[in-house]
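The structure appears right after this line, and notes come after that.
Lettering of chains follows the sequences in order, A, B, ..., and the numbering in each one begins at 1.
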Number of protein chains: 2
Amino acid sequence: MPATGTQRTPSQVSGDDIVVETAWLYYEDGLNQNEIATALDVSRATVVNYLQLARDRGYVQVRLAHEAFTGHRLAMALRETFGLVAAYVLPERQDARHEIAARVVRGAADWLPSLLAPGDRLGVAWGKTIYDLAERLEARRIDDLTVLQLVGSMATPYGFSADVCSSNVARKLGAACVNLHVPAILSEARIARTLRDEALIAAQFEAMNTFNKTLFAVGSCTEDSHVVSSGVATRQELAWYLGQGAVGVLCGRFIDRAGAHIEGPLDARMMAVDLDRMRQREAGILVSAEPERATAALAAIRGGYVTHLVTGQAQAEAMLAGGG
Amino acid sequence: MPATGTQRTPSQVSGDDIVVETAWLYYEDGLNQNEIATALDVSRATVVNYLQLARDRGYVQVRLAHEAFTGHRLAMALRETFGLVAAYVLPERQDARHEIAARVVRGAADWLPSLLAPGDRLGVAWGKTIYDLAERLEARRIDDLTVLQLVGSMATPYGFSADVCSSNVARKLGAACVNLHVPAILSEARIARTLRDEALIAAQFEAMNTFNKTLFAVGSCTEDSHVVSSGVATRQELAWYLGQGAVGVLCGRFIDRAGAHIEGPLDARMMAVDLDRMRQREAGILVSAEPERATAALAAIRGGYVTHLVTGQAQAEAMLAGGG
DNA sequence: AATCTGCCGTGACTTTTGTCAAACCGAGGC
DNA sequence: GCCTCGGTTTGACAAAAGTCACGGCAGATT
């Protein structure tokens, strides 16, 4: 039983000795709280306190292994069907569809660091998904990493823009960041040309094109899509692209079912990475949560932009049903 | 309540869908088993089973953060006192002294991967500690890593030798391995010279010397030390070195309190890395568990061979008391 | 020196989790 | 169509973990 009459000084507890010891016995040696209490000669309640302290201080890390998601039935199917390097499928209940976006983002944030290596140059697109992903990314330095903004900036009603997306990803990963200090879309092709010829901007584009991995989402082609709400495209323009067979938006460019770039009125006015360049990469990471985007995601895969896919169960099923 | 009359087929459970979903709800979303049972419409006992499955399959990873050990009171003190880059101190109870070696080895095995980066060339010494460490190391590939054997091989009564140590470390980390295919000690200096001049051996030595990080333990200078039991040194030789002020053995070489190499009868007959070279490295990782080795560890630190130290609480205290 | 204050540690109680044998289901063989 | 077999699910019970209000020591304050 616990000896009475002695009490540890604050520093002994804060100094971590006992807390770490307790955590070790519990989590590494697998003793239960009673055994630990006996061994350390304190009450079990105290053991509970120490363990709580250990958790509060972040000493205990619990996570689900990537294999749980990459080894998932649907993940394997996606991988084989579409020739991906890996797929990461988040589980999803019928009755919690609204949560899936958050889960996919969380999963992608957990997975991303393990897909990157020192020396990588990561091209980052923009969108709510990417923005949220950056938010959830836990700070973990990757040596000699550079983040490159793939699309010009564009203010949105939601408070994120391409430069914020890339900056945040860079910050979390301790990476250098090359931003594109231009709007994503300009009113006239002439102005876009002028800007692209500007030495500073040209240099930024040149730097941008040195990426070896990419991180992006695909937009859907509906009127409530971000392409429209952010002002990149007007409704008329969207309608025109739809008429040409557009099923998705990738880095601001419209693509058809086969993933081919649909050249149109916007391209000359757009400041963004070229889609042909997007195919030349070591790894292309697509994050896509909602089943409604299955078609767009399929197009991106068929177009050859994707090697790694993060998605939810429902979208995975939709893709396997619709593609193949 | 759980609906009766339906039951999952084996493949549905083995197929991981439900198991991963359950694990997610429990570990990521923090629901308790009752809430999960309700949500998934199964009994709580089933939830327990699923969670057990998830753990059995290795989907759940629980570990103590490195900060628990590097941020430890004694770790900070060691770091500051001896100017180390980092120290990793394992907690230790009075009544479990015999376990500390296992803990330190485990801690070192957990820490090591995070100290290595792609492209590194890791020199590995030998000894029971290093051998055990290799055993405990969990398989995790580090790109473009090369492991280099720092000391010639020597059969021991315990079944490990330097080549086994380095090979095992390399295997676990998915690294290339350069072994030294010679005995650690030869009967005559002349033979050692001859061997060193042999093209093949010379090339191995040359490769060995390209290390940028080192992993080693220090031996103590007692009659039951491995230096004697493995036949590297005779008792007479040991006695001679003790007379010269030897307090420890590092990669087969004797060092004094200041960590200086004590040149003696063995050196010309020895096939091992040069101690001067051991000082020229990005990182030197010393693993040492028993308090009796505090003196030897101190010497190694004073000698400038160490930047990272893994040890137990008792040895840490001994070092802080004895050195400074 | 007495008092105060802020943690620390504890026992009793509640909630959560783990165990196990028995019931149950579906698939295939007779 | 019935039966057996292997794995799944479950309810009842047991064990473990979490909570909380109170008692107590140590160092600071007056």
Side-chain angles (χ1 to χ4, degrees), chain A residues 1-64 68 72-73 91 93-94, chain B residues 1-64 68 72-73 91 93-94:
Chain A
M1 94 197 51
T4 61
T6 60
Q7 192 168 17
R8 264 163 269 265
T9 65
S11 77
Q12 274 180 300
V13 173
S14 327
D16 288 355
D17 277 17
I18 329 160
V19 175
V20 175
E21 167 73 19
T22 308
W24 180 281
L25 291 172
Y26 193 72
Y27 291 104
E28 297 279 336
D29 290 349
L31 304 192
N32 67 33
Q33 298 182 353
N34 265 315
E35 295 170 315
I36 298 174
T38 308
L40 299 184
D41 197 30
V42 294
S43 75
R44 200 183 54 75
T46 300
V47 174
V48 175
N49 289 339
Y50 289 168
L51 289 175
Q52 191 56 52
L53 270 176
R55 284 186 287 261
D56 291 347
R57 290 184 192 153
Y59 291 170
V60 183
Q61 297 179 333
V62 180
R63 18 165 297 194
L64 296 182
H72 189 287
R73 178 174 59 84
R93 296 204 315 282
Q94 257 52 355
Chain B
M1 89 198 53
T4 62
T6 60
Q7 192 167 17
R8 263 164 270 263
T9 64
S11 77
Q12 274 180 301
V13 172
S14 325
D16 287 354
D17 275 18
I18 329 160
V19 174
V20 175
E21 166 73 21
T22 307
W24 181 280
L25 291 172
Y26 192 74
Y27 290 105
E28 296 281 334
D29 290 349
L31 305 192
N32 67 32
Q33 298 180 355
N34 265 316
E35 294 169 315
I36 297 173
T38 308
L40 299 185
D41 196 31
V42 294
S43 76
R44 198 183 57 73
T46 300
V47 173
V48 175
N49 289 339
Y50 289 168
L51 289 175
Q52 191 55 52
L53 270 176
R55 283 187 286 261
D56 290 346
R57 291 184 191 153
Y59 291 168
V60 183
Q61 298 179 332
V62 180
R63 18 165 299 194
L64 297 181
H72 188 287
R73 176 175 60 83
R93 297 204 315 282
Q94 257 53 355

Value in whole Å for how far the [atom2] atom of [N] lies from [atom1] of [X]:
X     : N      : atom1 : atom2 : value
A:L40 : C:dC8  : CG    : C1'   : 15 Å
B:R44 : D:dA12 : CZ    : P     : 12 Å
A:N49 : D:dC20 : CG    : C1'   : 10 Å
A:Q52 : C:dG9  : CD    : P     : 15 Å
B:L53 : C:dT19 : CG    : P     : 13 Å

> Checking side-chain contact (heavy atoms from CB on, under 4.5 Å) against B:V47, which of B:L25, B:N32, B:T22 comes through?
Replying inline: B:T22
Separation of [Y] [atom2] from [X] [atom1] (nearest 0.5 Å):
X     : Y     : atom1 : atom2 : answer
A:R63 : B:R63 : CZ    : CZ    : 7.5 Å
B:Y26 : A:L64 : OH    : CG    : 12.5 Å
A:R44 : A:L51 : CZ    : CG    : 10.0 Å

> Taking only residues two or more places apart in sequence or in another chain, which ones pass side chain to side chain donor-acceptor pair (under 3.5 Å) with B:Y27?
Replying inline: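 With neighbours one apart ignored, the set is B:R55.
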>> Can you tell me if B:Y50 touches the phosphate of D:dT9, counting only side-chain N or O atoms and a distance under 4.0 Å to OP1 or OP2?
In response: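 It does, given that an N or O in the side chain of B:Y50 lies less than 4.0 Å from OP1 or OP2 of D:dT9.
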>> It should be established whether B:T46 places a side-chain nitrogen or oxygen under 4.0 Å from OP1 or OP2 of nucleotide D:dT9.
In response: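 So the side-chain polar atoms of B:T46 never come under 4.0 Å of the phosphate oxygens OP1 or OP2 of D:dT9.
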If you only use heavy atoms from C-beta on, which nucleotide in [options] is closest to the side chain of [X]?
X     : options                : result
A:R55 : C:dG18, D:dT10, D:dG18 : D:dG18
B:V48 : C:dT10, C:dG18, C:dC20 : C:dG18
A:S43 : C:dG11, C:dC13, D:dT10 : C:dG11

>> So if I take residues 26-35 of chain A and measure heavy-atom distances to DNA chain D, which residues fall below 4.0 Å?
In response: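 Within this stretch, A:Y26, A:N32, A:Q33 sit under 4.0 Å of the strand.
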> Heavy-atom distance under 4.5 Å between the side chains of B:R57 and B:L53, does that happen here?
Replying inline: yes
